[in-house]
Amino acid sequence: MATSSLHRLSSQINRIPSLSPFTKSILTRSSATTTSAAKVADRIVKLSAIDPDGQKREIVGLSGHTLLKALTNNGLIDPASHRLEEIEACSAECEVNIAQEWLEKLPPRSYDEEYVLKRNSRARVLNKHSRLGCQVVLTKDLQGMVVAVPEPKPWDIP
């Protein structure tokens, strides 16, 4: 619907004979920017994150992006700590704890995610609140979710 409105507006702008080609291009570009900005605003997901010091911070992510991306963009996880694309090589540096009331709103962990979390936990016991930030994809249903970022493990500290 928005795309068809944009095409109609663009064609109407191009039909105005008194406008220069430069003005037409600016008007067409600004109307496209307004439409895409509205789409980004529709994708915003606001979350609460508790940092390792216990401070609660409001962070913003985009639906369709991972929780890891939201946490790194807001300075809670070092982006250099998670360079791996393959979960098989993961060292769980993006492990987070999800508040109880949000667990059922997330899809269940994959076998690979459970394996990585167990392999990298100190007691080899899986904490039911633990998730990998790189495996949690944000949706509008997760608006207001509470996430705790644990202290880095000793082997993660440079």
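The heavy-atom pair separating Ala70 from Gly61 by the smallest distance is CB-CA, 3.9 Å. When every heavy atom of Leu47 is checked against every heavy atom of Leu142, the shortest pair comes out as CD2-O, 3.4 Å. For the pair Pro52 and Pro150, the tightest heavy-atom approach, listed with the atom from each and the gap, is CG-O, 3.8 Å. Shown here for Arg57 and Asn74, the closest heavy-atom pair between the two residues is NH2-O, 2.6 Å.
No side-chain donor-acceptor contact under 3.5 Å links Asp53 to the backbone of Gln55. Remark: the backbone N or O of Ile98 is paired with a side-chain donor or acceptor of His129 at under 3.5 angstrom. With hydrogens and angles ignored, the 3.5 Å screen pairs no side-chain donor or acceptor of Arg43 with any backbone N or O of Lys140.
Scanning for side chain to side chain donor-acceptor pair (under 3.5 Å) contacts around Arg131 gives Glu113, with sequence neighbours left out. Shown here are the side chain to side chain donor-acceptor pair (under 3.5 Å) partners of Thr66, two or more places apart in sequence or in another chain: there are none. Residues satisfying the side-chain contact (heavy atoms from CB on, under 4.5 Å) test with Asn73, not counting sequence neighbours, are Lys69. Applying the side-chain contact (heavy atoms from CB on, under 4.5 Å) test to Ile44 and every residue at least two apart in sequence or in another chain returns Lys46, Val60, Leu62. Scanning for side chain to side chain donor-acceptor pair (under 3.5 Å) contacts around Lys128 gives Gln100, with sequence neighbours left out. Checked against side-chain contact (heavy atoms from CB on, under 4.5 Å), Asp141 has the following partners two or more places apart in sequence or in another chain: Thr139. For Glu58, the side chain to side chain donor-acceptor pair (under 3.5 Å) partners at least two apart in sequence or on another chain are Ser48.
If you take CG on Leu138 and OG on Ser63, they are separated by 8.0 Å, rounding to the nearest 0.5 Å. Interatomic distance, Gln135 CD to Glu95 CD, rounded to the nearest 0.5 Å: 12.5 Å. Between the OG atom in Ser130 and the CG atom in Asn97 there is a gap of 4.5 Å [rounded to 0.5 Å]. In this structure, CG in Asp51 is found 11.5 Å from CD1 in Ile77, a value given to the nearest 0.5 Å. Between Leu117 atom CG and Arg109 atom CZ the span is 6.0 Å, to the nearest 0.5 Å.
By the rule that hydrophobic residues join a cluster once side-chain heavy atoms approach within less than 4.5 Å of another member, Val137 and Val146 end up as members of separate clusters.
When side chains are defined from C-beta on, Leu71 counts as touching Val96, because their heavy atoms get closer than 4.5 Å.
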I would like to know whether Val147 and Leu67 meet side chain to side chain contact (heavy atoms under 4.5 Å, CB included); could you show each step before the answer?
-> CA-CA 9 Å; Val147 178; Leu67 177 57; 4.1 Å; yes

